[in-house]
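Working notes, beginning with the structure itself.
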Amino acid sequence: MKSSVIVFPGSNCDRDIAVALEKMQFKNQMVWHKETELPKSDLIIIPGGFSYGDYLRSGAIAGKSSIINEVIKAANSGCLILGICNGFQILTETGLLKGTLLRNKNLRFINKDVNIKVLNNETKFTSKYKKNQILRINIAHNEGNYFTNAKHLDEMREKNLIAFKYCDEKGNINTQSNPNGALNNIAGIYNSKKNILGMMPHPERMIDKLVSNDDGINLFSSLLK
Amino acid sequence: MKFSVTVILKKDVLDPQGKVVQNTLKDLGFLNLKNIRQGKFFEIELNENDEQKAKNAVKQMCEKLLANLIIEDFKISKTK
Amino acid sequence: MKFSVTVILKKDVLDPQGKVVQNTLKDLGFLNLKNIRQGKFFEIELNENDEQKAKNAVKQMCEKLLANLIIEDFKISKTK
Amino acid sequence: MKITNKIIENHGLKLNEYENIKKLLKREPNFLELGIFSAMWNEHCSYKSSRLHLKNLPTKGRQVIQGPGENAGVIDIGDDDAIVFKIESHNHPSFIEPYQGAATGVGGILRDVFTMGARPIALLNSIHFGSPKHPKTKSLLNGVVSGIGGYGNCIGIPTVAGETKFDETYNENILVNAMAVGHAKKNKIFYSKAKGLDKTVVYVGSKTGRDGIHGASMASAEFDEKSEEKKPTVQVGDPFTEKLLLEACLELMKDDSIIAIQDMGAAGLTSSSVEMASKGSLGIELELDKIPCREENMTPYEMMLSESQERMLIILEDGKEEYAKKIFQKWDLDFVIIGKTNNDKNLTLKFNKEVVGKIPIDALASKAPVYNREWVKKKPTQYKVDLKKLKKIKVEDALVKILSSPNHSNKSWITNQYDQMVMCDTIQRSGSDAAIIRIHNKDKAIAVSVDSSANYCKSHPITGGKQIVCENWRNLIAVGAKPLAITNCLNFGNPENKEVMGEFAECLIGIKEACEYLNYPVVSGNVSFYNGTNNKNIYPTPVIGGVGLIKNVSKPLGHNFKKIKSNIILVGKTFGHLGQSCFLRENYSINEGRPPEVNLANEKNNGEIILKLFEKNLLNSVHDISNGGLILALCEMSIGSGIGINISKPKKLRNILEYLFGEDQGRYILEVDSEKVKNVEKMLITNNIYYENIGLTQNKYFEIEGEFKINTNDLFKINNQWYNDF
Ligand SMILES: Nc1ncnc2c1ncn2[C@@H]1O[C@H](COP(=O)(O)OP(=O)(O)O)[C@@H](O)[C@H]1O
Ligand SMILES: [Mg+2]
């Protein structure tokens, strides 16, 4: 399995994701944003961080970089794309995923472990999880408040495109278990072909029991298959 | 030639920032505040004498980068 | 009564955001861009018919919350 | 421009200092030169009031690779690994503009660490605010916390520990101290000492603007009503550019292109160039036309004194210019050759081909003034607490009062705004006695903590000085780390006041004694004087940042109780000392009294035995006892876990309040499995350690027999209320 991690100026979870991919035996390459060509890959990851300082809007400027055109091409030809945190924001800015990520409801940066529920385990990203499994996973963002229009929300419900929702430890999805105000507690979504996943929580931070837990491992092992 | 551009969230988009600002202002005692919306503001200076061309360029800047048309509207006006 | 307020960094204060936006616009091919500065924009609606009073309230909002006077200047204008 | 007395004063120089400048130059300085002297001779850069006292601190040890005098201290943690760390204050800028002040404080201390070739791996902060009731406190707290987070989160370095305190003494002068810790290879440490003639001097990073001109002299002056007017000096941080600068510098450092490197911190280009030349006993010539400027028409004066952030000065080996330039271009950063080293031992400044300033380097550095300021000893207070004379209070009520007070409330409102996990090596996050950061790809880790005790230092500076070093040591021990070395940030009032100077001198005596006894040397630090307004000085607030080593890292114990029916063992003697306790302050507003005595021998013995118990895996959890005494420490262990306790009243002590709330030093609480108790006790006894078996953990209820019983959930709520309402 060949993976590529796109590195923008200001990306800062690039090393963390590379460590995770290597640990899971992916053949990984780091791709600097000024490159005009992507190495052949089965999986492209846009990591978290503050690309271009999150200036203007988070993800906006990275969304205009030359490498992103290559990512769009790859996506259209069916390559798997995973955007984590800032990566998710970049994917919405390019239009590969619909909707947008607004400022957190409390207007503060939030870093903590939260619970999320796996809504759809029939995708290339989540096949190793059980349906409705609850994961404990770290979030760290200023703009994670997912928003989209009613039509798109309906479409996502119909086609099962909502990947994860924030919930409490018992799996209840409600306002109390919503850390950032995201519409319907949405923590991650797919595009309609389900080859693109954008998520705010950081699976790469959950692969080592010494640091946290290993709830993120199955995301990578699902992809390996 | 100088332009000023305002970018603001579309009406049907949730505005967490505006809401917090509104509540804070109310707490500060501004009881006659009816509504406040927050957006971005740009002051753009171009090396271009043809007003139509300049305006067009600014419009493109907005469409390509400065505004996210899915959630935001923009307005351009010429300043002296 | 409606007002619009723009808040912008004082001259000489570093504007990291503006710098990155400017470079990106250049990269996108807007070569005649001379300068861009980014600020905040507010649309404020008040339940108040006395223009002087209303303006005063908006000014106070700016001073107390909307602008950081240490590094920012603000401008108020009445809109219809 | 004619240099008048007024101009001299505005530069923060005294008239006799000006006379001295003329003697050293053998002529009158011009305006640019005067500016440069003022930047180098002010308190912040010259350490003129503190130097004589700092000299006495212990700075050596087998673990020390580089002590004070460089950008940061360096210690050896075995194999080929070194840890580089330092703490710095950004008090005055943060009071004027809390977000940017705090942010640039973090940016500045990070540069100190990566200049030395280290990748930063952790950030800490110590922040002190005025009374929560003071009208400015709320916005200052908000601004400072989001500024610290804003910078650290963006650049991608975890902020893992700190302390947050409120006291009236900081109403008009908050403290914002930031500490950075980095990891380097022992044989790849970079220093600021220039070497060699005719070597290229390069400017890299952001452009120079008019920001922060005279920042260093602002940090060396008291505040008064007019300080609001000093606003234009506010610097804005750009963590995005700093991230690029960090990566570019570390990339260049992979080979041997760099002779010397120095970040531009306080007094910008002036102090960086002078320091490099001074350390290398060389001269340096700069062509100021080449400086990349952000604004139009900047003068040499402005360029030399600007404190624009995210800039570095590098001296390169011959022939490396092109190679280095490519790296900085890749990261979209300015890279400009601005000068050369020479052997005439002057700072020579050229502008438009003309020499506009020429000053002997030693006049700016080694011949800068050093003062032996007058100081007086603190008279120890005679005040003794007499509980009988105070209004009666129930244990439970006193506890609730403390737990819900701003100073003792749970800090997650703050720590949740910091990315603590990025880099994926944070083994123990905020909320415990010390944070633990694994060395990437290795089995070892470091523990870090920052501590201060201003009220102890105010009451009895020598004891206070000792106590903070010990408390910091104890916090590292409590997570199983062997304490190695410290950095310190000395926040004091006006040194021209002899009481303040006395507090400074005596705190340092205390720090020195404790560091020597514990073999806990000082490897870096920072002094911040003039914290006060119109002759009202803050309490003396030295802050200690410590680093310890965990050789074989495993899942940390933390201080949360793990099981019910474990034994609770109290290590160390309880005398019931209530002077300066938070019990008296929170419940009776009594600020008098002496701080608890520090017994260094006990401190050391108790700490060392705890480490042995760790090694033998005999403990379930550990917590040190500090502010609030035994009961508060027990509460903290319960709140995090939901597991309660059941302890009986002491038989010997006269008074239960003294027993539970006394702040006697050198104590720890251990949670031990019942099967292991024998073993633990045996080790304590053979090592002559005083201990008491005080009770057991139990389900859900926090209970002092015959006194009160409270649900741990309620304790949690009480402890978590304040910030949420804030
Ligand atoms: N400003 C801050 N930044 C990061 N962590 C903080 C801050 N303030 C407090 N903390 C964390 O909160 C916890 C409790 O702090 P404190 O009561 O000072 O601990 P201790 O008494 O053990 O030194 C510690 O883990 C500390 O690191
Ligand atoms: Mg502690």
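Quick note on labels: first sequence line is chain A, next is B, and so on, each numbered from 1.
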Item to check | For chain B, the option from C:Ala57, C:Gly39, C:Gly29 that forms the most heavy-atom pairs under 4.5 Å | outcome: C:Gly39

Checklist entry - Going through the distances and angles, do B:Asn32 and C:Glu48 end up as a side-chain contact (heavy atoms from CB on, under 4.5 Å)? => result CA-CA 7 Å; B:Asn32 52 3; C:Glu48 175 63 73; 3.3 Å; yes

Checklist entry - To the nearest 0.5 Å, how far apart are OG in B:Ser4 and CZ in C:Arg37? => result 13.5 Å

Checklist entry - Would the number of heavy atoms belonging to other residues, nucleotides or ligands and lying under 6.0 Å from NZ of C:Lys26 be above 12? => result yes

Item to check | Greater than 12 external heavy atoms within 6.0 Å of B:Lys75's NZ | outcome: no

Checklist entry - Which answer fits B:Leu33, side chain, backbone, both or neither, if we ask what part of it has an atom under 4.5 Å from a heavy atom of chain C? => result both

Item to check | CG (B:Asn49) with more than 12 external heavy atoms under 6.0 Å | outcome: no

Next on the checklist: Taking side chain as everything from C-beta outward and backbone as N, CA, C, O, which of these in B:Phe30 sits under 4.5 Å from a heavy atom of chain C? Side chain, backbone, both or neither.
Outcome noted: side chain

Item to check | Side chain proximity check, C:Lys34 to B:Leu46, heavy atoms < 4.5 angstrom | outcome: no

Item to check | Stepwise side-chain contact (heavy atoms from CB on, under 4.5 Å) check, B:Ile36 with C:Glu43 | outcome: CA-CA 6 Å; B:Ile36 183 166; C:Glu43 226 174 62; over 6 Å; no

Item to check | Max heavy-atom pair count under 4.5 Å with chain B, selected residue of C:Leu28, C:Thr6, C:Leu31 | outcome: C:Thr6

Checklist entry - Are there more than 12 heavy atoms of other residues, nucleotides or ligands under 6.0 Å from atom NZ of B:Lys19? => result no

Checklist entry - Do other residues, nucleotides or ligands put more than 12 heavy atoms under 6.0 Å from C:Lys53 NZ? => result no

Item to check | CG on C:Asn35 to CD1 on B:Ile44, rounded to 0.5 Å | outcome: 10.0 Å

Next on the checklist: Can you tell me how far apart NZ (C:Lys40) and CZ (B:Phe41) are? Round to the nearest 0.5 Å.
Outcome noted: 13.0 Å

Next on the checklist: Please classify the contact of B:Gln22 with chain C as side chain, backbone, both or neither, using a heavy-atom distance under 4.5 Å.
Outcome noted: neither

